Amino acid sequence: MSIHIHNITKTFGSFNALKNVNLEVKTGELVALLGPSGSGKTTLLRIIAGLEFADEGEGKIEFHGSDVTNRTAYERKAGFVFQNYALFNHMTVAENIAFGLRVMKKPERPEREDIDKSVTELLRRIALEGYGGRYPSQLSGGQKQRVALARALAVGPQVLLLDEPFGALDAKVRKTLRKWLRQFHDETKVTTLFVTHDQDEAFELADRVVILHEGHIQQIGSPQQLRANPTNEFVADFLDCVMI
Amino acid sequence: MAAIIDIHPAKHRTRVRRATAESAWSRWLVISIAVGFMGLMFVLPLVVIFQEAFRKGWDGYIEAFDDRATMHAIWLTLKVAAITVPLNTIFGLAAAWCVSRFRFRGKRLLTSLIELPLWVSPVIAGLIYVLLFGAQGFFGPSLKEHGIKIIFALPGIVLSTIFVTFTFVARVLTPQMEAQGQAEEEAAMTLGANGFQMFWRVTIPKIKWGLLYGIILCNARSMGEFGAVSVVSGHIRNKTNTVPLHIEVLYNENQFVPAFAVASVLTLLALATLILKTLTTTKRGAA
Amino acid sequence: MARTRHVLPGFRLSLGFTITYLSLIVLIPLSMLVWKASTGGWDGVLNTITHARVIASLKLSFTTAFTAALVNGFFGLLTAWALERYSFPGRRVIDAMVDLPFALPTAVAGIALVTLYAPNGWIGAWLAQYDIKAAYAPLGITIALVFVGFPFVVRTLQPVIADLSMELEEAAACLGANRWQTLTRVVFPALLPATLAGMTLAFGRAVGEYGSVVFISGNLPFKTEIAPLLITMRLEEYDYSGAATIGVIMLIASFLILFTADLLAQWNRKRTGH
């Protein structure tokens with residue numbers, strides 16, 4: 001599913017978090033939102049999910065051509081993975097993953113056995129077979145991250161939004177998970193947008209990288225394009241900083 | 001690319017509800033239930049106290065205090081508070097200091113003991129001193145021999161009041177001191193202050209608002225204690241009746257206006273305590 | 001065992017003072033209670049606790065305190081939620097008022113409540129139309145105990161609600177849960193341990209409550225006579241060991257309840273890592 005963002009502006013009090021942002025994410029693409037902290041990247045992600053609402057005006061958000069600007073988060077059902085995972089601590093891993101299926105309306109809700117089957121399948125996919133009965137407090141950071149991802153994927157979202165997915169993990173786990181996520185995306189082909197402040201991560205993972213600064217999109221392009229032709233000083237400076 | 005500064009005022013969408021907010025009507029429902037409950041259970045009793053106290057107008061209210069027994073009860077209550085509050089303040093400071101600044105074995109047990117008065121019936125708080133010092137109590141005979149009177153006298157009232165109120169200063173101070181940490185005290189020590197100087201110049205200024213609230217709360221509770229004092233006092237008019245006991249006597253004699261007039265004084269004290277708490281909460285947080 | 005060294009001074013002084021004070025004020029007098037209860041011997045203890053009037057009063061004290069805790073659990077949760085999550089005119093005043101039962105003398109609360117709920121009182125007269133008797137009945141006792149226990153539930157819940165991460169609710173919404181599902185399946189289970197803890201505290205406080213209850217209860221033997229009142233009556237009859245026995249039973253029961261609550265809280269902490 002594709003995402004179209006038209007002319008989105010967001011103000012918090014007198015602070016302009018986003019200014020006339022336009023972006024298109026194609027079906028099956030893996031896109032990184034890259035920028036320094038305070039650049040508005042998380043705000044953009046939250047607006048796409050329906051957790052924040054853009055200022056009123058001509059701004060519009062479309063999921064696969066249909067306007068979702070005035071839809072609430074639970075109507076949009078974007079798969080969202082939070083930086084600190086936001087796992088439900090009082091539920092087991094399996095209950096966490098099954099949550100989205102269990103809250104579906106009666107006619108759409110799968111049978112109990114089918115829910116159990118999808119949970120088992122997802123646990124296998126995230127390499128946590130046999131962990132279904134554990135509580136989140138008994139898992140490591142990397143394991144929690146994968147559970148959060150499985151929970152988001154369980155409902156079969158058409159778009160996956162990840163907020164600093166590896167931000168809270170140590171360097172080694174981060175590298176492994178990065179590879180795993182890329183592989184995972186290649187298998188599932190779910191349209192994915194992720195936020196990061198780490199250039200390596202963005203360049204290694206993403207098909208295209210969006211560079212944000214002070215609420216503006218500075219440049220969009222493939223990692224090669226960005227390195228070859230930075231459009232302005234900020235991008236050049238920002239990318240150079242890493243390479244040194 | 002030049003940054004375009006948006007000078008339009010922020011326009012927020014009100015049509016779509018945030019994911020973490022309830023609908024307007026359910027919010028309204030919850031607020032009404034909460035406010036209604038508080039109004040019924042908390043505000044209405046306060047209104048009744050003042051309404052009954054002023055049933056015979058301002059003159060009737062003033063007249064209620066023109067009574068020897070009432071003035072004696074007030075005087076006795078002030079004496080009890082004057083002894084209880086300083087002692088419990090010192091205890092509260094010591095208890096909060098050792099619980100918040102040190103790790104030691106039995107700390108959990110000690111904390112539970114400090115909270116004990118909240119879970120022990122005030123009647124039991126009175127009872128134990130009767131068992132200890134009463135005529136048939138453990139020390140009863142030897143006290144009688146020396147002509148010392150504790151039960152049905154001021155010392156018994158003070159002891160049981162101390163029991164019921166010793167938790168308050170410690171309970172207010174301990175979490176505050178734990179939250180503030182001890183870096184400043186440690187700094188003072190490395191700068192050569194002795195323990196006493198550190199305590200007066202660093203610790204006390206840090207906790208002064210919490211300490212003030214703890215003292216006021218302890219004071220309100222000690223002036224208002226009923227159950228424990230009722231057991232040890234013997235209800236001797238002009239001798240061992242504190243204000244709350246005097247209110248009971250007046251009420252049971254159907255002297256409603258004086259009963260509620262005296263009660264209104266304690267109510268004002270309680271309201272002042274609450275106002276002070278609200279005022280110091282922000283300061284305690286910041287200090 | 002190695003002696004621990006402390007950076008800050010005053011450990012021995014403050015701990016020594018605290019323990020001495022507690023021993024003199026609490027431990028020695030409380031041990032008197034057990035000693036006195038045992039002076040009557042087993043027969044005396046059995047005699048006291050099998051006495052129908054004692055059983056009736058203990059039953060009344062514990063059932064009314066339990067009912068009051070349930071009522072407080074419901075209203076306390078709603079009030080704490082409203083105070084932490086919504087802004088409305090008078091919010092700060094309501095927040096301050098929650099502590100009223102801590103500050104208001106119990107006897108004052110007692111005479112105010114009985115005046116309100118007596119058959120000729122504002123609420124009592126209204127209830128009388130429906131043939132409901134509040135004052136001088138178990139209902140009145142329960143109302144007084146609701147008053148006394150309410151702040152414990154609200155004050156236990158408020159910091160927990162404030163610390164509750166909004167992301168949990170956002171995550172639930174993104175997974176397609178509507179607001180009601182989010183509240184019942186995510187928020188409420190997360191608040192349940194604290195709610196139960198607050199209710200236990202309210203219960204523990206209410207069981208022994210005296211001042212706010214004696215006026216409204218009417219003190220009819222077998223009907224509206226609470227256990228603490230029975231203690232004072234035994235004392236007036238100079239039945240010290242009888243009074244002490246009832247006291248010990250109340251203490252043991254309260255401690256068992258608080259102890260169980262503590263165990264439950266620990267178990268929950270271990271499970272959810274909080």
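In this text, all values refer to a predicted model and were calculated from it rather than measured experimentally. Convention: sequence-line order gives letters A, B, ...; per-chain numbering from 1.
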Quiz prompt | Test item: T242(B) and F226(B) side chains (from C-beta on) under 4.5 Å apart, heavy atoms | solution = no
Quiz item: Taking the side chain as C-beta and beyond, is there a heavy-atom pair between I231(C) and M250(C) under 4.5 Å?
Solution: yes
Exercise. Quick one: which of E170(C), E169(C), M97(C), K36(C) has the most heavy-atom pairs under 4.5 Å with chain B, could you say?
Key: M97(C)
Quiz item: Out of G126(B), S160(B), G195(B), P122(B), which one racks up the most heavy-atom pairs below 4.5 Å with chain C?
Solution: P122(B)
Practice problem: Examine whether an atom of A272(B) lies under 4.5 Å from a heavy atom of chain C, and if so say whether it belongs to the side chain, the backbone or both; otherwise answer neither. | Solution: neither
Quiz prompt | Modelled atom types, side-chain donor and acceptor of W122(C) and Y117(C), under 3.5 Å | solution = no
Exercise. Pick one of side chain, backbone, both or neither for L235(C), based on which atoms fall under 4.5 Å of a heavy atom in chain B.
Key: side chain
Quiz item: With respect to chain B, which residue among Y240(C), F17(C), Y238(C) yields the maximal number of heavy-atom pairs within a distance under 4.5 Å?
Solution: Y240(C)
Quiz prompt | Close side-chain approach of L110(B) and F104(B), heavy atoms under 4.5 Å | solution = yes
Quiz prompt | chain B contacts, top residue of T232(C), L22(C), T106(C) (heavy-atom pairs, under 4.5 Å) | solution = L22(C)
Practice problem: Select one option (side chain, backbone, both, neither) describing which atoms of F163(B) are under 4.5 Å from chain C's heavy atoms. | Solution: both
Self-check item: Flag for S23(B)-S26(B): side-chain donor and acceptor within less than 3.5 Å
Solution: yes
Quiz prompt | L251(C) side chain near L30(C) side chain, heavy-atom distance below 4.5 Å | solution = yes
Quiz item: With a cut-off of 6.0 Å (strictly less than), are more than 12 heavy atoms of other residues, nucleotides or ligands near CH2 of W35(C)?
Solution: yes
Quiz item: With ring centroids as reference points, do F102(C) and F150(C) lie under 6.0 angstrom apart?
Solution: no
Self-check item: Whether F62(C) and F203(C) hold their rings parallel, tilted or perpendicular, with breakpoints at 30° and 60°
Solution: tilted
Quiz item: Are the aromatic ring centres of F152(C) and W119(B) under 6.0 angstrom apart?
Solution: yes
Practice problem: Under 4.5 Å heavy-atom distance to chain B, tell me which part of L201(C) shows up: side chain, backbone, both or neither. | Solution: both
Quiz item: Does a side chain donor of either E185(B) or T203(B) reach within less than 3.5 Å of an acceptor in the other side chain?
Solution: yes
Practice problem: Under 4.5 Å heavy-atom distance to chain C, tell me which part of L132(B) shows up: side chain, backbone, both or neither. | Solution: both
Practice problem: Using a 4.5 Å cut-off on heavy atoms from C-beta on, say whether the side chain of F133(B) contacts that of F138(B). | Solution: no
Exercise. Identify which part of V98(C) has an atom lying under 4.5 Å from any heavy atom of chain B, answering side chain, backbone, both or neither.
Key: both
Self-check item: Q158(C) and D95(C) side chains, donor-acceptor separation under 3.5 Å
Solution: yes
Self-check item: Atom group of M223(B) that falls short of 4.5 Å from chain C, counting heavy atoms
Solution: neither
Self-check item: Toward chain B, the part of F88(C) with a non-hydrogen atom under 4.5 Å
Solution: side chain
Quiz item: Should L159(B) and V232(B) be marked as a side chain to side chain contact (heavy atoms under 4.5 Å, CB included) after you check the CA-CA gap, both sets of side-chain angles, and the distance that decides it?
Solution: CA-CA 9 Å; L159(B) 277 173; V232(B) 295; over 6 Å; no
Quiz prompt | Heavy-atom proximity to chain C below 4.5 Å, by part of S264(B) | solution = neither
Quiz item: With chain C, which of V30(B), V99(B), T273(B) has the greatest number of heavy-atom pairs at distances under 4.5 Å?
Solution: V30(B)
Exercise. Sort out for me which of G76(C), P228(C), S241(C) touches chain B most, counting heavy-atom pairs under 4.5 Å.
Key: P228(C)
Quiz item: Given the options D99(C), I111(C), I94(C), which has more heavy-atom pairs under 4.5 Å with chain B than any of the others?
Solution: I111(C)
Self-check item: Which atoms of F42(B) approach chain C - backbone, side chain, both or neither, heavy atom under 4.5 Å
Solution: both
Quiz item: Contact part of L229(C) toward chain B, heavy-atom cut-off under 4.5 Å: side chain, backbone, both or neither?
Solution: neither
Quiz item: With a 4.5 angstrom heavy-atom cut-off, which part of F11(C) approaches chain B: side chain, backbone, both or neither?
Solution: both
Quiz item: Going by heavy atoms in the side chains, are F168(B) and L173(B) under 4.5 Å from each other?
Solution: no
Quiz item: With a 4.5 Å heavy-atom cut-off, do P9(C) and F196(B) have their side chains touching?
Solution: no
Practice problem: Tabulate, in ascending numerical order, the residues of residues 171-183 of chain C having at least one heavy atom closer than 4.5 Å to a heavy atom of chain B, or enter 'none'. | Solution: A173(C), R179(C), L183(C)
Quiz item: What part of R85(C) is in contact with chain B, defined as an atom under 4.5 angstrom from a non-hydrogen atom: side chain, backbone, both or neither?
Solution: side chain
Exercise. Report the option among L113(C), I19(C), V26(C) that has the most heavy-atom pairs separated by less than 4.5 Å from atoms of chain B.
Key: V26(C)
Quiz prompt | Among the listed options A220(B), P244(B), A95(B), A259(B), the residue most often paired with chain C at heavy-atom distances under 4.5 Å | solution = A95(B)
Quiz prompt | Contact class of L83(C) relative to chain B, heavy atoms under 4.5 angstrom | solution = neither
Quiz item: Rounded to the nearest 0.5 Å, how far apart are OH of Y21(C) and CZ of F166(B)?
Solution: 8.0 Å
Quiz item: Given a strict heavy-atom distance threshold of 4.5 Å, which part of D262(C) is in contact with chain B: side chain, backbone, both, or neither?
Solution: side chain
Quiz item: Taking L93(B), I275(B), L271(B), L46(B) one by one, which has the highest count of heavy-atom pairs under 4.5 Å against chain C?
Solution: L46(B)
